Amino acid sequence: MLIQSRDSGFIHPDSSDITPRGVYEGRRDMLKWLATGVAGAAMASWASREALADAVGPGKLPPLHGAKSAVAGAQTMEKPTEYKDATSYNNYYEFGTDKGDPVKNAGTLKTRPWTVEVEGLVNKPGKYNIEDLIKLSAQEERIYRLRCVEGWSMVIPWVGYSLAELIKRVEPQGSAKYVEFVTLADPKTMPFVGSRILDWPYTEGLRMDEAMHPLTLLTFGMYGEVLPNQNGAPVRIVVPWKYGFKSGKSIVKIRFVEKEPGTAWNKAAANEYGFYSNVNPNVDHPRWSQATERRIGDGGGLFAKRAKTLLFNGYEAQVGQLYAGMDLKKYY
């Protein structure tokens, strides 16, 4: 059996962008001028506004807006993937193993009421209903690159706040070295729970310093709306420098533990999916190269021009110090 990864997947558009090509060429020329001219200091905010102008949800889900984030690395200037692509081609194996299954089947997921339990090595364990969790800290919009282990990538405007805000509230004990995330596993609303492809419930984990990094996002929305079911509603994790399957969806438990937790894909195929799973063009998957990627939305499908993959998905300046001295081929 060919084991696949579980990233938030995205469809390959078969039509051209709505905005005329000439407009985008003009924007690129303007960016070049800004980068070399006296207006360079304003480039990031201007580009972000231009990108977000084309990155909106359809207005069918409740709005969830966030302020622009001041966290370093939280606002890529790249053009976001279109909403329709980001929500119609997904890996979410609780709802089926084909890319089109989640959008068809995830309507059965009930996201209200919803509770997230925080437990383990913390001084203040507890249960949070989703409404209180959303209000725990101010919502921010983060425009992140997302790289799938399967070799494609996209850009997503997420809405949430740094996971560190919640971690600080629950006061981890000194013995807590890792954070484990547990996804809902309800066979009544998730028709593929119980299939043999994974060990349910789906679990993921981070080292404590990774979980505390300000780029690690406790996520409640995307494209200015609440998360669609197929994208991990009502709350998920987004870790932009790691392959997408590390960002657990539909979280019901957050555990603080002393030992490295077992994670779903690592348990399924440890030789293919390591615990860290940092984006690394120099460490190939056993069955394919990770040196390049194809950006969803650029056209061409499987034959689209490929771009070079960046170490840590382009977030090396922000997170590289977390792995200083580590053998990244051994700790893949």
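All figures in this text were calculated on a predicted structure; none of them were measured in a lab. Quick note: numbers below take in every heavy atom, side chains included, and nothing from hydrogens, waters or symmetry partners.
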Checking [Y] against [X]: is there a side-chain donor and acceptor pair closer than 3.5 Å?
X: Arg145; Y: Thr76; result: yes
X: Gln139; Y: His65; result: no
X: Ser250; Y: Tyr92; result: yes

Do [X] and [Y] have ring centres separated by under 6.0 Å?
X: Tyr332; Y: Tyr276; value: no
X: Tyr83; Y: Tyr223; value: yes
X: Phe312; Y: Tyr323; value: yes

Kindly compute the distance separating CD (Glu293) from SG (Cys148), expressed to the nearest 0.5 Å. 10.5 Å
To the nearest 0.5 Å, how far apart are CD1 in Ile296 and CZ in Arg294? 5.0 Å
Using 4.0 Å as the upper bound for N to carboxylate O, is an ion pair formed by [Y] and [X]?
X: Arg142; Y: Glu140; result: yes
X: Glu210; Y: Lys242; result: yes
X: Glu117; Y: Arg255; result: no
X: Asp186; Y: Lys188; result: no
X: Glu258; Y: Lys177; result: no
X: Glu165; Y: Lys168; result: yes
X: Glu204; Y: Lys249; result: no
X: Lys253; Y: Glu180; result: no

Shared ILVMFWY cluster between Tyr331 and Val283, side chains joined below 4.5 angstrom? no
So if you build clusters from Ile, Leu, Val, Met, Phe, Trp, Tyr with side-chain heavy-atom gaps below 4.5 Å, do Ile156 and Val103 land together? no
For the side chain of Asn129 and the backbone of Thr115, is there at least one donor-acceptor N/O pair under 3.5 Å apart? no
Using the ring-ring contact (aromatic ring centres under 6.0 Å, His included) rule, pick out the option among Phe275, Tyr243, Tyr93 that qualifies with Trp265. Tyr93
